[in-house]
Amino acid sequence: MTSGPYNYSYIFKYIIIGDMGVGKSCLLHQFTEKKFMADCPHTIGVEFGTRIIEVSGQKIKLQIWDTAGQERFRAVTRSYYRGAAGALMVYDITRRSTYNHLSSWLTDARNLTNPNTVIFLIGNKSDLEAQRDVTYEEAKQFAEENGLLFLEASAKTGEHVEEAFLDTARKIYQNILDGSLDLNAAETGVQHKPSAPDSNQANLEPGGGKDSCSC
Amino acid sequence: MRKKFPDAAAVKGLRVHVNPASIDHRRILWDKFLQGWPESHARHPGRLRCLLKRGVPAEKRKDVWKALLACDQIRTTSSFSYQECVRAVRLQLVELNISEYSLSIHNNELWDANEESEQLDGEKHKPTNMRCLVALKTLRQIIVDVDRTFPTHRKFMGNSTAAKEGRASLFRLLSVYSVYNSEVGYCQGMSYIAGMLLMEMKSEEESFWSMVALFEKPKYLSGYFDATLQRIQSHAAIFDKLLQQRYPRLAKHFISLDVDPLMFVTPWFMCLFTSMPCWETVLAIWDLLLLDGISTIFRVALSILHLDQARCLGTSEMGQILPKLLHPSPELLECETFMPVVWKISVEKWEIESLHAVVTEEKEQPGSKRSRRSLERTENRIVKKFKNANENSSSLLQRMRNIFNPLGQRILQDASNVTSWTGQQEPSSSVNHVRYQTYRGRWAQGPGSARVIRNPSTRNVPIRHSPRVTIVTQAVQPKAKRMEKISVSQKNTNPGKRGRVQHVKVPSPTRPKRSGHSPREMKVVTRSARAQHSFKTFHTPTPLRKSQVKGHCIVSPDSSSPEELQLLKEAVVKDLSDM
């Protein structure tokens, strides 16, 4: 967390969505802290996490919004979809209801983000093989039908957690390189941060200019 | 009055530092006060405040909370029986083949058995052989969250008997409440409040009635957990306004970093600060909350930002600000240093009401401050993008387009809005769509329903003196009726006095623009909520006043009688109910 020149060249905004108790916060915690949080309290509103990763030699800062899973919170969390470059849609492989609700989450993700947003489907709790309620194959098929990336992961063991976040970033970066994601367009969820030393100062200018507002 | 109360001298000296030896004395004071409840409170309302300021002894807290919430009253007047409902919920659990002591989200009985039926009919489906007292969906949500409420507190953590009992009673409390108020059912955030009450009230049934008082009384959280979560959103907007008035620099910094107060106040408000790291502080906050009601949450939130202001202003990224706001450090919330700040900061009930009116009004109006604010955020993003584009070596023309296109469109849009509000257009004028007159003096008299609009085209008109007031005297179409109502009530109270028109100080056009953004020039001040708020703010001796005087020049020097203020207040309330 240096406040000097940026030590990364891009910021990608992610959002994690899915039903209550599927392990969204645990996935985020596992990814940012590399630890499993057994006594994770449930999220009210949103939680926020960041981590700097490297993709093809480029340092990328991931800005991850973890949302509350209860349906009525969608009224509050919908505003966070706007301008997300990646959406991680999580279900719990031991509870079929969380899988059945994916279509409504997908509708939200498609409607409220831009067409270039990379959506990644994660089947969490893969360590609980004995209690599995949703097979890998059917979820894979669902992902393919809807053009989603898919992995089964475990926030507890950390299996495939890194991959899910990194693959999403790779896909976004690839979209930038092949030009399908235009950095100058509004609300792409991607910010390009030049690592020039004075860029940080420059960034403050718009705020400083408005200092004498009379409202 | 004071002489009648034997410990008045001691109570009077509350502001003096309390030494540990006086804890017993405090207890005695509380005992006496609670014995005489509620008469003691009715006779000496200030005394309770003094006692609370000094702190509530842990063993008295239960009684104090019970007295403040008046939960016994609700219990005796209600026809609802907690115990009966618990029995009914238990029956439902038996039929589902689960027990309140072994609740687990991996207990597939509950999930499997009804998955198909749920898919078919959603929540409405009620299997014939099952008593669906608590909707299955609600039941599942409660079960999922019971395990994750205060997961590190010994009352709810682990496999000890006490912890199992703790989780079971939390489950009962929440499911019975979902029966009590089936419209609200269960909402995340409730479980923290229920858990807190269980810890402090000890008895489960008393916790339930306290919960009902907290969730149902308008003084506290009524409407906070309903399906639309409307109230929390409006409270976040009100808080945003308070922040702009009290800490304008911080508010501006938040805008520049794209931080919306809704992001961090949601967990603060919805869990009533139970997620804060210092428990003593949480208890003190609750003491004050139960006394003063909802205004406390704004005071506490402002206090956190007050103490964290320097750090927030020193950061240049959302990623640095937000985590610290979502999880403030224990040092910041140390009870000894934090609570005095909360007591010092005041947020009055009328302020919240009038800001609520402002927020509601702005939501309805295009080109309102709220949308200007969101526009600022967009502008900010665009400026950032411009800097990025700079690095991407796109053409200068393209970059200029990026910046000016959205703004240009916005100006056009706003201009057309203004035109439509004023009802009729000036056929002869191509530049000034709005008929306006400029007044040279500071105060101007005008018809009661005058609407003051700072015209974007004013700066094209040669003006020699400043400050200027631009007044448009036409009736306003969408809300004209409502405006008139208020102005009539004002007229009646104070027929001969001036200052009924709102005044806006317009900076001289020759001066450099202060904001630097063209859409900001579209300043619309209405006679209703926003003006009323400014008016009331000016006439009320609160800390708000200073910043208001600096920021706004919307004042009326002559009409400050309390009756008129009362009338204005009523008008605003009426205004609200009309909407």
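Lettering of chains follows the sequences in order, A, B, ..., and the numbering in each one begins at 1.
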## Note on the structure
Between A:Gly21 and A:Asp92 the two heavy atoms that sit nearest each other are O-OD2, 4.2 Å
### Message
With a 4.5 angstrom heavy-atom cut-off, is it the side chain or the backbone of B:Ser275 that approaches chain A, or both, or neither?
### Response
neither
### Task
Examine whether an atom of B:Leu326 lies under 4.5 Å from a heavy atom of chain A, and if so say whether it belongs to the side chain, the backbone or both; otherwise answer neither.
side chain
### Task
Output the residues of residues 223-230 of chain B for which the shortest heavy-atom distance to chain A is under 4.5 Å, in residue-number order; output 'none' if no such residue exists.
B:Phe225, B:Asp226, B:Ala227, B:Thr228, B:Leu229
### Message
Whether the A:Glu54 and A:Gln58 side chains hold a donor-acceptor pair (N or O, under 3.5 Å, no angle test) is what I'd like checked.
### Response
no
### Task
State whether the number of non-hydrogen atoms from other residues, nucleotides or ligands found under 6.0 Å of B:Arg154 atom CZ is greater than 12.
no
### Query
Mind checking which of residues 28-47 of chain A sit less than 4.5 Å from chain B, heavy atom to heavy atom?
A:Asp39, A:Cys40, A:Pro41, A:His42, A:Thr43, A:Ile44, A:Gly45, A:Val46, A:Glu47
### Query
Is the closest basic N to carboxylate O distance between A:Glu129 and A:Arg132 below 4.0 Å?
yes
### Query
Non-hydrogen atoms of chain A under 4.5 Å away: do they reach the side chain of B:Phe264, the backbone, both or neither?
neither
### Task
Could you tell me the separation between the CD1 atom of A:Ile52 and the OH atom of A:Tyr10, rounded to the nearest 0.5 Å?
15.0 Å
### Task
Write down the atom of A:Ser154, the atom of A:Val161, and the distance for their closest heavy-atom approach.
O-CG2, 3.5 Å
### Message
Check for me whether the distance between the ring centres of A:Trp65 and A:Tyr14 falls short of 6.0 Å.
### Response
no
### Query
Would you call A:Asp133 and A:Arg95 a salt bridge, taking side-chain N to carboxylate O under 4.0 Å as the test?
no
### Query
Taking the six-membered ring for Trp, are A:Tyr91 and A:Tyr99 parallel (under 30°), tilted (30 to 60°) or perpendicular (over 60°)?
perpendicular
### Summary
Max heavy-atom pairs within cutoff under 4.5 Å with chain A, candidates B:Cys271, B:Pro151, B:Ala236, goes to B:Pro151
### Task
Answer yes when A:Lys125 and A:Glu159 have at least one side-chain N-carboxylate O distance shorter than 4.0 Å, and no when they do not.
no
## Note on the structure
Whatever's closer than 4.5 Å to a heavy atom in chain A on B:Met318 counts as both
#### Entry: Pairwise distance CG(A:Leu62) to CZ(A:Phe165) - rounded to 0.5 angstrom
8.0 Å
### Query
With a 4.5 angstrom heavy-atom cut-off, which part of A:Tyr80 approaches chain B: side chain, backbone, both or neither?
side chain
### Task
For B:Ser191 and B:Thr149, test the side chains for any donor-to-acceptor distance below 3.5 angstrom and give the result as yes or no.
yes
